[in-house]
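Reading through the structure tokens given below for one structure.
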Number of protein chains: 2
Amino acid sequence: MAATIKDIAKLAGVSTATVSRVLANKSAFFSAATATKVQDAATSLGYQKNTAAAELVTHHSHVIAAVVNSTKTNFANQIIEGIQEEAHRHDLNVIILYAGDADPEQQRRALMTVIERPVMGILLLSVDLAAENLTLLQNAQIPYCFLSISFDGEQLPYITSDDWQVGYQATQALLNQGHRKIGLAGVDRDFHTGRQRVLGYTQALRDAGITPQAEWIQLGNYSYAAGQTAMRAYGGQTELTAIVGASDMAAIGVMNQARDLGLLVPADLSIVAIDGTELCSLVQPQLTSVSQNFYEMGIAGVQQLRSTESLPQKITPIKLVSRQSVRMVTPK
Amino acid sequence: MAATIKDIAKLAGVSTATVSRVLANKSAFFSAATATKVQDAATSLGYQKNTAAAELVTHHSHVIAAVVNSTKTNFANQIIEGIQEEAHRHDLNVIILYAGDADPEQQRRALMTVIERPVMGILLLSVDLAAENLTLLQNAQIPYCFLSISFDGEQLPYITSDDWQVGYQATQALLNQGHRKIGLAGVDRDFHTGRQRVLGYTQALRDAGITPQAEWIQLGNYSYAAGQTAMRAYGGQTELTAIVGASDMAAIGVMNQARDLGLLVPADLSIVAIDGTELCSLVQPQLTSVSQNFYEMGIAGVQQLRSTESLPQKITPIKLVSRQSVRMVTPK
DNA sequence: GCACTTTACACAAACGTTTACAATGGCTTA
DNA sequence: TAAGCCATTGTAAACGTTTGTGTAAAGTGC
């Protein structure tokens, strides 16, 4: 059995109360002499605090939970770095839970393991909760905030990019280089995020006097495979001169499939990716992207959990990063 | 305040003992009638179990912790999927902790948050613990196992690939295609894993009657940058016709840098990557790799934690996956 | 030397569970 | 009808902490 404060108390010849106080460093409650006595006893016993027991009585915890979906895209790491950074700044610890890929049962498991024990807050990284799990979360009386995902009707707290702007600026980047026939690949329309991107994309085209064509939009789930499928649907003879990939992964899928169809990027086809993770600079040619500030989302998420007043929604900035996958076309 | 079993007991008109029993479904200890009474009371109160309190008395937990280092390489996800899978099969929950990048302080934080509360086991994914943190871990009296990392002297439990074989087979794959002057890029020699790979690589060359040259080995930390640096060191005029990348990331770094130096892969330079994550098929040309079975490592890790007898070390299989980055050279 | 404050510590309750043990009552059996 | 048994439930201790309250000793000011 591991040593407890009781053992320390006995060894040091003081009460458990005193032990607790010096260990918690509640100074002004003990003398230097007893302090060292207790410290020595503690180290000699190899004492490890039982935080669960402590949290049971104090009713508050120093851990924040990040629930991520094991998605096909890959920005979660950056968000987590931000969370980690800001959490440590405030002496909070972070645990991460995988919630599967839109599998309600896995989501429930993840939520349960964190709800059932004391955590001070829950951050949900682009996880789209099944209705019953949302109720679970809301009933748990624990502060929470969604990251990198947004919602339509319900007033849920979230922090993400302005997805309309994301769609708009990605498209505009292409328009600025003279492109007129521009696709959007791998986006989904089932959720707010996707819908907003489509809307931004459409508006950008309209603002340029272009009528968007239905077949220019290929739906998908943001994955590499979705990008490939989309590009296959466009075909090697496509009228499009440029494509917006709904995510980095989707953009790479588009690019690789385009190559298989005999199209060179950017000579025959320009691509702008959405997300801007390190993947963009790994592939060849490097992908121009509308980059989201995931790190910032993580930071803001932790701040949101810590703040008592809940300003429910927050937008993090985006920016266009030019790399090598877009070429200028001279209007004929 | 959240509802407790005491509240349920009062509402249902029974004792907390009974409530505990029906909630834990210790059948044969209560009648159907009281069961429903209790269930109803519980749901009507929106009861959430306080697992921390329960674990305090039972002294055992259902969560296993995976500590990962936020490394520049990216196989952790696959290991985690394996862990998750096997854990759920046995009704275990998984929490993930980031341990930073060889930062002892961050490691300590991560270890502390899991040691201080009841977890049934700790899996360390390719994290190379600072000496003081290792002591911490060992004193904690919690089962643990290292994954995807190996050690020399000390008898620590680990599960990983045979790194000597990894180095050997990667090199041999190149030798088999007629290459004679083969580099090894981005590997480190500070740890057992790296040393073994170097040894395997060297032996493969020797077995083919080739004397390895010191400058063929470029040390590094397995990162993309390490790959780039290595390739820059080799230079555009290198005598090498093939290179083993110490990781997927390193291999990609080598490849992209080679391109910048005017070398085409595989026409001018063949590459074999070590790891075989999905990155290998994302880049162009797709990278031939010696692939590790990370998923299997995760599974085995959980099994190791569950088993009482500790068979300390285990090796998971590797296999060569041919893609597009190696060409045959005809011996002159 | 007195009344008073401060310092340093101990006592004990509390947190939300589980579970060994005891208690109750009805039923069976002879 | 008494004895014994079983099914069901209750009582209370225990887990390892924190912290409010109590108190003895030491220090202060006059």
Side-chain angles (χ1 to χ4, degrees), chain A residues 1-39 41-42 45-63 112 115-120 140-142, chain B residues 1-39 41-42 45-63 112 115-120 140-142:
Chain A
M1 270 304 96
T4 73
I5 57 170
K6 240 178 243 171
D7 303 321
I8 300 182
K10 208 180 310 172
L11 183 58
V14 298
S15 74
T16 63
T18 302
V19 174
S20 172
R21 287 195 254 256
V22 346
L23 259 27
N25 201 26
K26 292 227 186 311
S27 30
F29 274 107
F30 52 83
S31 69
T34 47
T36 46
K37 249 192 326 188
V38 170
Q39 308 274 17
L45 288 173
Y47 172 73
Q48 279 302 337
K49 174 170 174 167
N50 183 330
T51 301
E55 289 174 341
L56 182 57
V57 14
T58 62
H59 281 290
H60 83 18
S61 156
H62 282 141
V63 349
M112 272 312 199
I115 288 177
E116 280 186 355
R117 58 202 80 220
V119 304
M120 73 139 280
Q141 307 279 26
I142 303 176
Chain B
M1 273 300 99
T4 74
I5 56 169
K6 241 178 242 171
D7 302 321
I8 300 182
K10 208 181 308 171
L11 183 56
V14 298
S15 74
T16 62
T18 303
V19 173
S20 173
R21 288 194 260 255
V22 345
L23 258 27
N25 201 25
K26 292 227 185 309
S27 30
F29 273 111
F30 51 84
S31 68
T34 47
T36 45
K37 249 192 328 190
V38 170
Q39 306 276 17
L45 287 172
Y47 172 73
Q48 279 300 338
K49 172 170 175 167
N50 182 332
T51 301
E55 289 174 341
L56 183 57
V57 15
T58 62
H59 281 289
H60 82 17
S61 156
H62 282 142
V63 349
M112 272 313 198
I115 288 177
E116 280 184 356
R117 57 203 79 222
V119 303
M120 70 140 280
Q141 307 279 27
I142 303 175

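Each chain gets a letter, A, B and so on, in the order the sequences are listed, and its residues count up from 1. Since we're looking at a predicted model, the values are computed, not measured.
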### Message
Just the rounded figure in Å: distance from P of D:dT17 to CD of A:Glu55.
### Response
12 Å
## Note on the structure
Correct closest heavy-atom pair for B:Ile142 and B:Val119 would be CG2-O, 3.7 Å
#### Entry: Minimum-distance pair of heavy atoms, taken over all atoms of A:Asn50 and B:Leu56
ND2-CD1, 3.8 Å
### Query
Which residue pairs pass the salt bridge (Lys or Arg N to Asp or Glu O under 4.0 Å) test with at least one member in residues 23-36 of chain A, sequence neighbours excluded?
none
### Task
Scan B:Gln48 against the nucleic acid and name what it touches under 4.0 Å (heavy atoms): base, sugar-phosphate only, or nothing.
sugar-phosphate
### Task
Look at the side-chain N and O atoms of B:Lys49 and state whether any lies under 4.0 Å from the OP1 or OP2 oxygen of C:dG16.
no
### Task
Round to a whole Å and report the spacing from NE2 of B:His60 to P of C:dT18.
11 Å
### Query
Is it true that B:Glu55 and A:Arg117 have a side-chain N and a carboxylate O under 4.0 angstrom from each other?
yes
### Message
Can you measure A:Glu116 atom CD to C:dG16 atom P for me and round it to whole angstrom units?
### Response
15 Å
### Message
Rounded to whole Å, please give me the gap between CG in B:Asp7 and C1' in C:dT17.
### Response
13 Å
Under 3.5 Å between N/O atoms: give me all the protein pairs with nucleotides 9-15 of chain C, atom names plus distance.
unit_1 : atom_1 : unit_2  : atom_2 : d
C:dC9  : OP1    : A:Ser31 : OG     : 3.4
C:dC9  : OP1    : A:Thr34 : OG1    : 3.4
C:dC9  : OP2    : A:Ser31 : N      : 2.8
C:dC9  : OP2    : A:Ser31 : OG     : 3.2
C:dC9  : OP2    : A:Thr34 : OG1    : 2.8
C:dA10 : OP1    : A:Ser15 : N      : 3.2
C:dA10 : OP2    : A:Ser15 : N      : 2.5
C:dA10 : OP2    : A:Ser15 : OG     : 2.9
C:dA10 : OP2    : A:Thr18 : OG1    : 2.7
C:dA10 : N6     : A:Arg21 : NH2    : 2.6
C:dC15 : O3'    : A:His59 : NE2    : 3.4

### Message
Whole angstroms only, please: what is the CD1-P distance between A:Ile8 and D:dT18?
### Response
10 Å
### Message
For the residue pair A:Arg21 and A:Phe29, would you count it as a cation-pi contact if the rule is NZ or CZ under 6.0 angstrom from the ring centre and within 45 degrees of the ring axis?
### Response
yes
